[in-house]
Student: 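Quick one: structure below, then a few questions.
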Amino acid sequence: VQLQASGGGLVQAGGSLRLSCAASGLTFDDYVMAWFRQAPGKEREFVATISWSGSSTDYRDSVKGRFTISRDNTKNTVYLQMNSLKPEDTAVYFCAAGLARGGVLFYTGSRYQHWGQGTLVTVSS
């Protein structure tokens, strides 16, 4: 199984970025997908999650209304559209895959079996 995250970079506050995570080696629509992030010196934290069908999503409070998670099961890819970026969004962003069906969502890292390598997002003030 491989999860390949991309799309990170340097952006000014108020700007936008779109992260992508391409999955291979798994049956993509058997998996809940999520994005987590880890800022320097801080613990990894949940950002957003999406059910296998894409019909259910959820976000951490600090990104609600600014970030949108989506998936394309025909392309085995999950996305994170990030708008109105703030310096506190600076982190390495990781995508993760957790085996599940039935519209469930997972919020803790331990529920995800597979992780991408991370992509760095830097937001300057």
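Reckoned from all heavy atoms, side chains included, excluding hydrogens, waters and symmetry mates. Treat the numbers as computed from the prediction; the structure is a model and nothing was measured.
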Student: Between G109 and W115, which heavy-atom pair has the shortest distance, and what is it?
Tutor: O-CZ2, 3.5 Å
Student: K42: what forms a side-chain hydrogen bond (donor to acceptor under 3.5 Å, both in side chains) with it, not counting sequence neighbours?
Tutor: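 K42: no side-chain hydrogen bond (donor to acceptor under 3.5 Å, both in side chains) contacts found.
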Student: Working to the nearest 0.5 angstrom, can you tell me the gap between M82 CE and R37 CZ?
Tutor: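 M82 atom CE to R37 atom CZ measures 9.0 Å (nearest 0.5 Å).
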Student: I need the R18 CZ to T68 OG1 distance, nearest 0.5 Å.
Tutor: 10.5 Å
Student: Indicate the atoms forming the closest heavy-atom contact of A48 with Y59, along with that distance.
Tutor: CB-CD2, 3.5 Å
Student: Minimum heavy-atom separation for A97 to Y112, with atom names?
Tutor: C-CD2, 3.4 Å
Student: Starting at OG of S124, measure out to CG of L10 and round the result to the nearest 0.5 Å.
Tutor: 5.0 Å
Student: What do you reckon, is CD of Q117 surrounded by more than 12 foreign heavy atoms closer than 6.0 Å?
Tutor: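 Count over threshold, so yes.
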Student: Distance check, rounded to the nearest 0.5 Å: T27 atom OG1 versus L99 atom CG?
Tutor: 9.0 Å
Student: What distance do R111 atom CZ and T49 atom OG1 have between them, rounded to the nearest 0.5 Å?
Tutor: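 If we round to the nearest 0.5 Å, R111:CZ and T49:OG1 are 11.0 Å apart.
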Student: Please determine whether residues L26 and V104 belong to a single hydrophobic cluster, defined as Ile, Leu, Val, Met, Phe, Trp and Tyr linked transitively by side-chain heavy-atom distances below 4.5 Å.
Tutor: no
Student: Quick check: closest heavy atoms across V92 and G118, and the distance to 0.1 Å?
Tutor: CG1-CA, 3.8 Å
Student: List the residues meeting side-chain hydrogen bond (donor to acceptor under 3.5 Å, both in side chains) with N76, not counting sequence neighbours, and say none if there are none.
Tutor: none
Student: Do side-chain atoms of T77 reach the backbone of K75 as a donor and acceptor pair under 3.5 angstrom?
Tutor: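 Looks like yes, one N/O pair under 3.5 Å.
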Student: Looking only at heavy atoms, which two atoms of A5 and T119 are closest? And how far apart?
Tutor: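 Minimum heavy-atom contact is CB-CG2, 4.2 Å.
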Student: Look at the aromatic rings of Y31 and H114 and report parallel, tilted or perpendicular, splitting at 30° and 60°.
Tutor: tilted
Student: Are any non-hydrogen side-chain atoms of V47 and V63 less than 4.5 angstrom apart?
Tutor: yes
Student: Indicate yes or no: at least one non-hydrogen side-chain atom of C21 is less than 4.5 angstrom from one of Y79.
Tutor: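 Heavy-atom side-chain distance check fails, nothing below 4.5 Å.
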Student: Would you say S51's side chain and G103's backbone share a donor-acceptor pair under 3.5 angstrom?
Tutor: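 Answer holds: no.
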Student: Is L105 reachable from W52 through a run of hydrophobic residues whose side-chain heavy atoms are each under 4.5 Å from the next?
Tutor: no
Student: Are the side chain of Y93 and the backbone of L80 linked by a donor-acceptor contact shorter than 3.5 Å?
Tutor: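 Between the backbone of L80 and the side chain of Y93 there is no qualifying donor-acceptor contact (under 3.5 Å).
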Student: Going by side-chain hydrogen bond (donor to acceptor under 3.5 Å, both in side chains), name the residues that satisfy it together with S62, two or more places apart in sequence or in a different chain.
Tutor: R60
Student: Does this structure show an ion pair linking D89 with K86, if we count only N-O contacts that are shorter than 4.0 Å?
Tutor: no
Student: Relative to each other, are the rings of F46 and F36 parallel, tilted or perpendicular (30° and 60° limits)?
Tutor: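 Ring orientation, 0 to 90° scale: perpendicular.
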Student: Checking S16 against N83 for the side chain to side chain donor-acceptor pair (under 3.5 Å) test, could you report, in this order, the C-alpha distance in whole Å, the side-chain angles of both residues, the deciding distance, and whether it holds?
Tutor: CA-CA 4 Å; S16 298; N83 299 329; 2.9 Å; yes
Student: Say whether F28 and V1 are linked into one hydrophobic cluster, either directly or through other cluster members, by side-chain heavy-atom distances under 4.5 angstrom.
Tutor: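 F28 clusters together with V1.
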Student: Find out whether L85 and F67 are in side-chain contact, i.e. whether some heavy atom of one side chain is under 4.5 Å from a heavy atom of the other.
Tutor: yes
Student: Answer yes if L19 and I50 sit in the same cluster of Ile, Leu, Val, Met, Phe, Trp and Tyr residues linked by side chain heavy atoms under 4.5 Å apart, and no otherwise.
Tutor: yes
Student: Using the salt bridge (charged side-chain N to carboxylate O under 4.0 Å, His left out) rule, take R71 and D29 through it: C-alpha gap first, then chi angles, then the decisive distance, then the call.
Tutor: CA-CA 10 Å; R71 66 190 292 162; D29 57 6; over 6 Å; no
Student: Atom CG in L3, atom OG in S24: separation rounded to 0.5 Å?
Tutor: 7.5 Å
